[in-house]
Each structure stands twice: as C-alpha cells, then as structure tokens.
Amino acid sequence: GAVVSQHPSWVICKSGTSVKIECRSLDFQATTMFWYRQFPKQSLMLMATSNEGSKATYEQGVEKDKFLINHASLTLSTLTVTSAHPEDSSFYICSARDPVHSGNTIYFGEGSWLTVV
Amino acid sequence: KQEVTQIPAALSVPEGENLVLNCSFTDSAIYNLQWFRQDPGKGLTSLLLIQSSQREQTSGRLNASLDKSSGRSTLYIAASQPGDSATYLCAVARLGNAGNMLTFGGGTRLMVKP
C-alpha cells in the first residue's frame, strides 16, 4: 500500500542552526503534502500545505520565513526549520494522499523528533 | 473554525472490556472523519475512515460511527487487549481540497492492563 516516509526520525541541533526534514511518498505521486507539528501531550496542528511546483500555504500563526517548505517533485517535500530555537523542539509529521489507489485515506509519515539545544 | 474534542482524555481499563471513545466537532460541514492510532513517539496509523455520507465503518474489533448532524463520532473497541494501548485521535477533514486538511482532537490515551 501507499507509504509515506520521513527522514530523519530523530535530530538534535544547536540553537541558531537550520535543520531539514524530508517527506517522501514512496510508491505514489503526491501533488499536495501536509506538515503538522505536535507538542508533547497535545494533538497535531496543521502547519502548512505543501504544493508541488508552487508556494506552500501556511496556517495562521505559522511563520513562513522560519518554516521553509519546498515541494520540488511529486514525491518529495522538505521542511526546513531555520534559526532553530529550543521552543521549536517538537514532533513534526507529514501526510499525503494517494488519490489514484487509496481514495480518501490519508497516509502519515513516521514523524521526526526535533530537539533544539 | 472547526474544533474537535475528544472525551475522555485518558482511559485505563482491564483487558477484555469493551470501550467507547468519543469525538465531537463543532462544524458539521465535513468531508470525512478519520480515527487514528498513535503509539508513543511514532507516527499515525489510520484505523477507520467514515465519509460524510456514511454512518459507520467496521474493521475487526473496531467500529466507528458518525452522526454528522449532531457533530459526534464514537470509536468502539471490542474485547480490548494490552496491545490496544495507545493514543487514539479523531480527525475531521475540511470540505474543499479533497478532504486533505485535517483538524485533530486532543486524543484519548488508552491503557489496557493485562
């Protein structure tokens, strides 16, 4: 079945540096992918919609200059956290849908734990 | 703005019990509703998806119902097992964008004790 993969699963970075998280659809093409963030013991919050070949759409309150999203191909979207701070430490997860084979079921990546020290 | 609420926030039961997890949403104009399972530190696994035109879906020991007019969904777990211990999230898909954009509830943390 459809699989969405994220890399890395865990990353620790120093405050002030940037870190990139990849989201790949392994056996289907996804023109749209979605990025969520989850703080401990809280639910997932949609951050942005990643659109292949065009600019991402950000949810209210999400800084687009801080969370750079690039969707350069039909199988890859990247989220770059720029100038990371400890408060950016969170679980980041992406999702995509395979409209051709899987109808309306949305598939999520395994998630990426970011710790900023 | 859609708001999704899950009750209870946490639940601890002995093995073998039948469970009901509740989800409510404020805007009934939804595309579909999906129940997910999340193990600690892991991603989400889709359990059941109910289209807005449907009233329930079943998969094994799981049954999910949807009452769109009242803004409610329930996830019924029969004969619970320790392996069912996880956080269960319900998510409502907005109309538009083919239902890809989800609003999540806060989740119910379930522990099934042997």
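Lettering follows sequence order; numbering is per chain, from 1.
For a residue to count as touching a neighbouring chain, one of its non-hydrogen atoms must lie under 4.5 Å from one of that chain's; by this rule A:Gln38 touches chain B with the side chain only. Using a 4.5 Å cut-off between heavy atoms, A:Leu44 touches chain B through backbone and side chain atoms alike. Proximity to chain B is limited to the side chain of A:Glu59, based on heavy atoms less than 4.5 angstrom apart. Interface remark: B:Leu44 contributes backbone and side-chain atoms alike to the contact with chain A (heavy atom separation under 4.5 Å). Of the two parts of B:Gln6, neither the backbone nor the side chain holds a non-hydrogen atom closer than 4.5 Å to a non-hydrogen atom of chain A.
Here the closest heavy-atom approach between residue B:Val4 and residue B:Thr103 is recorded as CG2-O, 3.6 Å.
Using modelled atom types, one finds no donor on one side chain facing an acceptor on the other under 3.5 Å when comparing A:Thr78 with A:Glu22.
In this structure, OH in B:Tyr76 is found 11.0 Å from CG in B:Leu62, a value given to the nearest 0.5 Å.
Screening A:Ser77, A:Ser50, A:Ser95 against A:Trp35 for a side-chain hydrogen bond (donor to acceptor under 3.5 Å, both in side chains) leaves a single residue, A:Ser77.
Between A:Trp113 and A:Trp10, the ring-plane angle classifies as parallel under the 30° and 60° cut-offs.
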